[in-house]
Structure formats: structure tokens, C-alpha cells
Amino acid sequence: MKDYTGTGTLLRLALRLDRVRATAWVACLVLFTTASTNSNNELYATAEDRARLAETVATNPAMLALGGRAFDLSTTGGINAYQLVAFMATLIGLMSILLVVRHTRAEEESGRAELAGSAVLGRKAWLASALLFVTGVNLVVAVLTALGLQSTGLPAEGSWAYAIGCAGVGIFFGTIAGITAQLTDHTRAATGLASAVLGLAYLLRATGDAASGSDGGLEWLTWLSPIGWAEMMRPYADENWSVGLLFVVFVAGLVAAVGVLIDRRDIGGGVLPPKLGPADAAPALRGPFALAWRLQKGSLLGWALGFAVVGAAFGGVADGMVDVAADNPDIDELLRDLGGGGDIVDVFLATITSLIGVVVGAYAVQSSLRLSGEESAHRVDPVLTTAVDRVRWAAGHLTVAALGSVVMLTSAGLAAGLTHGLNSGDLGGELPRVLGAALAHVPAVWTLVGLCALLFGLAPRYAALSWAALAVALVIGQFGEVLQLDQSVLNLSPFTHVPGLPSADLEATPLLLLTLLAAALVAAGLGGFRRRDIA
């Protein structure tokens, strides 16, 4: 047991360091699930509403891929399981990946793990404490989620099956992150590999679920995905508790594999040897922008692929919203509250592109805050000892964030426009309309880039507040009208000022003002960074 000496101390340290971050994750996940369940219970309050939804879903593989496996849509519990299990399980898996990598590979990369290891501390204590911490967070999410679902009137047994399945996915991918943290020697690589496994699991689940509505014979692919296992526990549809054994068996095997890997590497290094680069940099890598692109291109390409998949999925179901809204006036009213007036398909596309714009904002914040990561890890110091000045270095990363945001929105818009255009039979007309609706959110996303630059330049200790700003924008932009917030509150989100294309007319003035605001924020941030001390 000497390998685990100090695990309890490190666990308390993790709780101390992440008390705010973990609490925010738990609160957001539980509140979103409970609020969505309440909304669905009202939207599908009658048997006729549920029957119409079941008929629509049964004939639309895209809706099955986007939502999940539909076992019993005759009850509100079954509808909530269909719409929420796959989505929430994926979010919980992402949370677990980020938390485990933060408390394992990030601690080694920063040198804190080596410093702590000089005391009485076991070799596997860091990993064990991280896995215990993430397991505890997932269990808290499960308990509060189950209680929240029951508070909406749903049966207890189905609520616990829902919650335990999602928590099982979180613990599974937390362990996957533990493995990738042993394989690589960089935080971003460990996070990227684990996220790739999560993305593959989601695609396998989506393919299997889409095939479940036909005789394609590919529905077995769902069983290859841990997200699919959460669905196969069949919440609110004759729960299958035996599926939970899959989580127990595979997590136990992954934990054993992590234990073997950690014994095969040195602290600070990874099992996979780093690839040696050339002695001299290529001409294309001899500038700050090229360096920023080199550091962030993997993340950018991964995000772009994900947005292409999401855009294609939403574009594929757009035409089906006509029948859904016609059969259920409450859904029609909800979509119009979120996406404005006009044709219901255009309203749906406006709602979806607005949501995609906010999520692209998450990429923009992550990419922009790479500045803080490079500074805190002291990797910026040797760069600035060369002929590269501060403003050029920071501007390189901000340019990648800004242009990368355009790539994300273009990827989602092209994919959504392509699938919707093919379904509607008007590819030439619909593709540019949907693409334009997506690109209209570029100035709003750039405003978030500007806010990150401002905080990094003037108040680097509070740069992480950019995530809070994104959360506020998400709540205001997606739920502001529904919650009947005052217009002065709605105006706090830059996405409020984006015209709801394609269901609304294009207004260039607010987009121009947002662009000028973003430029002013970036200029102020770069000016502050130029004058303050490094680190």
C-alpha cells in the first residue's frame, strides 16, 4: 500500500482546489436536467402529444441519432430518457475527463507533482486521488439528479436508472483520462486523446440508435459505446439493471491497466516517447502566429469535425420539425420564443445556429485562454527573450482563436445547409442561407475573444471569468425570452444582438458594432499586457 501513501491528503487538496469548479459542474448538470424534464413534462402532457412524437421519431433516423434510443415514448419519463440520457452522459464524460487530467497530467506538467513527490507520497497517490475525486463528483451528480427527476413527478426507479447510467459514463471516461494521462507527457494531448475516445463513443451510439428504427442491422453498435450502455439501462422503460455490470467490469479493468502503465514511466514523462522534431524549424514556423497555429491546430481540427457532425445532424431533422410543431402547438410556441417568427423550419434553424454560435464561443474562450496557460507554465518566457515582442506573441494566439471560430461556424453551417438542402430538394438555395445564419454569429464570438484578451492583459488572475461570461451568454441567449427577462438583461449577451437568420432579416449595424467592440477589447487587452509584468 505504500504506492498509495498520501492519497487522502491529495484528495482533500483536490476538493480544496476544485470546490468552485466542481460545484459549478454539479449545479449546472443537475439544474439543466431538472429544468429540461419540467419542460418536457409540460410539452408532452397528453397521450396524444406523446403518440405524435413517437410516430415522428419512429420514422426519422436522424432524430434517433440526435436524441437517443427510444424505448417507450408513451410516458413523459420515456421521452425524457430519449432526449436527455445520451446528451447528459456525454457532458458528464467530458467533465470527468477535464477533472482527471487537471489533477494528474497537469500537476506533473507544472512540476507540482514532482515537488510533492519529494515528501512522503506514494507513486500512485496522485492518480488514485484524482479518480476518487471524480468518482465522488459523479456520485453527487447522480444522487442530486435522481432526486431532481423525482421532484418533477417521475418514478423513482427510472430516475435512479437514469442517474446511475450517466454517472457510470462519467466514471468510465474519468478512467480513460487516467490512461491517456499516463500515455502522453502533455495536458492537451491527454485531454485530446480522451476526448477523441468520447467522440468515438458518441458516434457509435448515434449510428446504432439511428439504425434501431429500421432493419439496417447496425443497432448492435450502441453496445460498443458506454453512452449506449446508459441508454440500455432503459430508464422508465422496464429498467435493465444488469447493464450496470458492464460499467463495473470495464472500469475495474481500466483501473488495473492504469496501474500497470504508471509503473512503466518516469514522473513527468509518458509511456509513449515524444516525437523528436527537426533541429531547425521550417520557415513557416518562424513567427508567433505559426507557433500558435502549431500549438492549437489539433484542437481546432477536432472541434471543426465535431461541429460538422452536429451541423449535419441538426440539418437532417430540420424538415421534420414541420410535423412536430404542427402536431404540438406548445413546441411551436417554444421554438418561436427562441428563434422568432416566420416559417417553422427557418425558426428551428435560427434556434440551432444560435446555440451553435454559443458553443463556438466555448472554443473561442478555450483557445484565447491558451495565453494564460502558456504564461503560467513559463513557456512564454523563452519566446519573449527572442526578437518576438509581447503584442505579436499574444496577437498570434488571439488570431488563431478568431479565425478558428470562423472555421467552426463555417463547418457547422456548411454541414447543416448541405443536409437540409438535400432533404428539401433545394441545395442551391438553402446552403447559402444556413451558412449565412451560422456566420452571422462571428462578431458575437469575437466579442468573447476580446473579453478574454482584456482580462488576460489587465487582470490575468481573473481570466477564467471568461467562462462565466460565456455561461451568462448561454442562459440569456437560449432562455432569456422564455424566462421573460428584462431587455436590459438580455442586452448583456452579445448573441442577443445577432439577427435570427434565416427567420429574420439581416441587420448589419449590430454586427458592425459588435465587431468594433471586439476590436476595442482586444486593443485594450494587448495594451495592458504590454505594460504589466509576466506571470
Side-chain angles (χ1 to χ4, degrees), residues 22-40 66-72 76-100 131 133-152 154-177 194-195 197-206 208-209 222-237 239-251 254:
T23 301
W25 270 108
V26 171
C28 289
L29 291 170
V30 174
L31 291 176
F32 182 85
T33 299
T34 305
S36 298
T37 301
N38 269 322
S39 177
N40 285 332
L66 189 62
R69 186 69 62 96
F71 291 105
D72 183 9
T76 53
I79 291 174
N80 281 296
Y82 152 69
Q83 292 190 343
L84 294 176
V85 169
F87 177 69
M88 295 307 298
T90 303
L91 279 183
I92 293 173
L94 178 62
M95 172 196 72
S96 299
I97 289 172
L98 295 176
L99 290 178
V100 169
L131 294 180
F133 173 66
V134 169
T135 298
V137 172
N138 277 280
L139 292 179
V140 171
V141 171
V143 171
L144 295 180
T145 297
L147 296 176
L149 291 173
Q150 291 179 66
S151 71
T152 67
L154 295 182
E157 188 172 4
S159 299
W160 283 102
Y162 172 102
I164 292 174
C166 290
V169 174
I171 295 171
F172 179 94
F173 281 103
T175 314
I176 289 291
S195 300
V197 177
L198 177 63
L200 176 61
Y202 187 88
L203 290 176
L204 289 172
R205 191 278 316 161
D209 288 349
T222 302
W223 285 99
L224 299 181
S225 168
I227 303 173
W229 302 345
E231 292 180 342
M232 291 302 179
M233 291 189 71
R234 300 174 62 101
Y236 310 108
E239 290 77 14
N240 184 5
W241 294 99
S242 61
V243 176
L245 294 175
L246 288 173
F247 289 111
V248 175
V249 172
F250 276 87
V251 167
L254 292 172

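Note that the structure is predicted; figures quoted are calculated from it, not measured. Note that these values count all heavy atoms, side chains included, but never hydrogens, waters or copies made by symmetry.
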Colleague: Can you find a pair of side-chain heavy atoms, one from Tyr236 and one from Asp72, that are under 4.5 Å apart?
Modeller: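 The answer is no; the side chains never approach within 4.5 Å.
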Colleague: Would you be so kind as to tabulate the donor-acceptor pairs closer than 3.5 Å made by side chains of residues 140-150, with sequence neighbours excluded?
Modeller:
| residue | atom | partner | partner atom | Å |
| --- | --- | --- | --- | --- |
| Thr145 | OG1 | Val141 | O | 2.6 |
| Gln150 | NE2 | Ala146 | O | 3.4 |

Colleague: In sequence, state the C-alpha distance, the side-chain angles, and the governing distance for Arg205 and Thr90, and then conclude on side chain to side chain contact (heavy atoms under 4.5 Å, CB included).
Modeller: CA-CA 11 Å; Arg205 191 278 316 161; Thr90 303; over 6 Å; no
Colleague: State whether a side-chain donor-acceptor pair under 3.5 Å links Asp209 with Thr222.
Modeller: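 Yes, Thr222 and Asp209 have a side-chain donor paired with an acceptor closer than 3.5 Å.
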Colleague: For Trp223, does its backbone N or O pair with a side-chain atom of Trp229 as donor and acceptor, under 3.5 Å?
Modeller: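 Side chain of Trp229 to backbone of Trp223, a donor-acceptor pair under 3.5 Å: yes, one is there.
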Colleague: Does some side-chain heavy atom of Thr76 sit less than 4.5 Å from a side-chain heavy atom of Leu154?
Modeller: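 Yes; the side chains approach each other to less than 4.5 Å.
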Colleague: Would you please test Leu99 and Phe133 for side chain to side chain contact (heavy atoms under 4.5 Å, CB included) and show each step?
Modeller: CA-CA 9 Å; Leu99 290 178; Phe133 173 66; 4.2 Å; yes
Colleague: Apply the side-chain contact (heavy atoms from CB on, under 4.5 Å) test between Ile227 and each candidate in Leu198, Leu204, Ile92; give the one that qualifies.
Modeller: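 Answer to the side-chain contact (heavy atoms from CB on, under 4.5 Å) test with Ile227 among Leu198, Leu204, Ile92: Leu198.
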Colleague: Report the distance from atom CD1 of Ile171 to atom OG1 of Thr135, rounding to the nearest 0.5 Å.
Modeller: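 Ile171 CD1 to Thr135 OG1: 4.5 Å, rounded to 0.5 Å.
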Colleague: What is the minimum heavy-atom distance between Phe173 and Ala201, and which atoms define it?
Modeller: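 Nearest pair, atom of Phe173 first, then Ala201: CZ-CB, 3.7 Å.
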Colleague: For residues Phe71 and Glu231, report the shortest heavy-atom separation together with the two atoms involved.
Modeller: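 The pair with the smallest heavy-atom distance is CE1-O, 3.2 Å.
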Colleague: Within the structure provided, determine whether Asn138 and Met95 are in side-chain contact (heavy-atom separation under 4.5 Å).
Modeller: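 In short, these two side chains touch, coming nearer than 4.5 Å.
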Colleague: Less than 3.5 Å apart, which donor and acceptor atoms pair up between the side chains of residues 23-33 and the rest of the protein, not counting sequence neighbours?
Modeller:
| residue | atom | partner | partner atom | Å |
| --- | --- | --- | --- | --- |
| Thr23 | OG1 | Arg19 | O | 2.5 |
| Thr33 | OG1 | Leu29 | O | 2.9 |

Colleague: For the residue pair Ile97 and Ile176, establish whether any side-chain heavy-atom pair is separated by less than 4.5 Å.
Modeller: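 Ile97 vs Ile176: side chains apart.
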Colleague: Can you find a heavy atom in the side chain of Tyr162 that is under 4.5 Å from one in the side chain of Leu84?
Modeller: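 Side-chain contact under 4.5 Å: yes.
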Colleague: Could you go through the side chain to side chain contact (heavy atoms under 4.5 Å, CB included) check for Arg69 and Tyr82 one step at a time?
Modeller: CA-CA 6 Å; Arg69 186 69 62 96; Tyr82 152 69; over 6 Å; no
Colleague: Tell me whether Phe250 at atom CZ has more than 12 heavy atoms from other residues, nucleotides or ligands lying less than 6.0 Å away.
Modeller: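 Incorrect, the count does not exceed 12.
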Colleague: Heavy atoms, side chains only, cut-off 4.5 Å: are Trp160 and Pro235 in contact?
Modeller: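 Not touching, per the 4.5 Å side-chain cut-off.
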Colleague: Might you work through the side chain to side chain contact (heavy atoms under 4.5 Å, CB included) test for Val100 and Leu131, ending with a clear yes or no?
Modeller: CA-CA 7 Å; Val100 169; Leu131 294 180; 4.3 Å; yes
Colleague: Are the side chain of Ser96 and the backbone of Gly170 linked by a donor-acceptor contact shorter than 3.5 Å?
Modeller: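 Yes.
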Colleague: Taking all atoms of both residues into account, what is the closest heavy-atom pair of Ala161 and Glu239, and its distance?
Modeller: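 Of all heavy-atom pairs spanning Ala161 and Glu239, the closest is CB-CG, 3.6 Å.
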Colleague: How close do Ala230 and Phe247 get, counting heavy atoms only, and between which atoms?
Modeller: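 Residues Ala230 and Phe247, closest heavy atoms: N-CZ, 3.9 Å.
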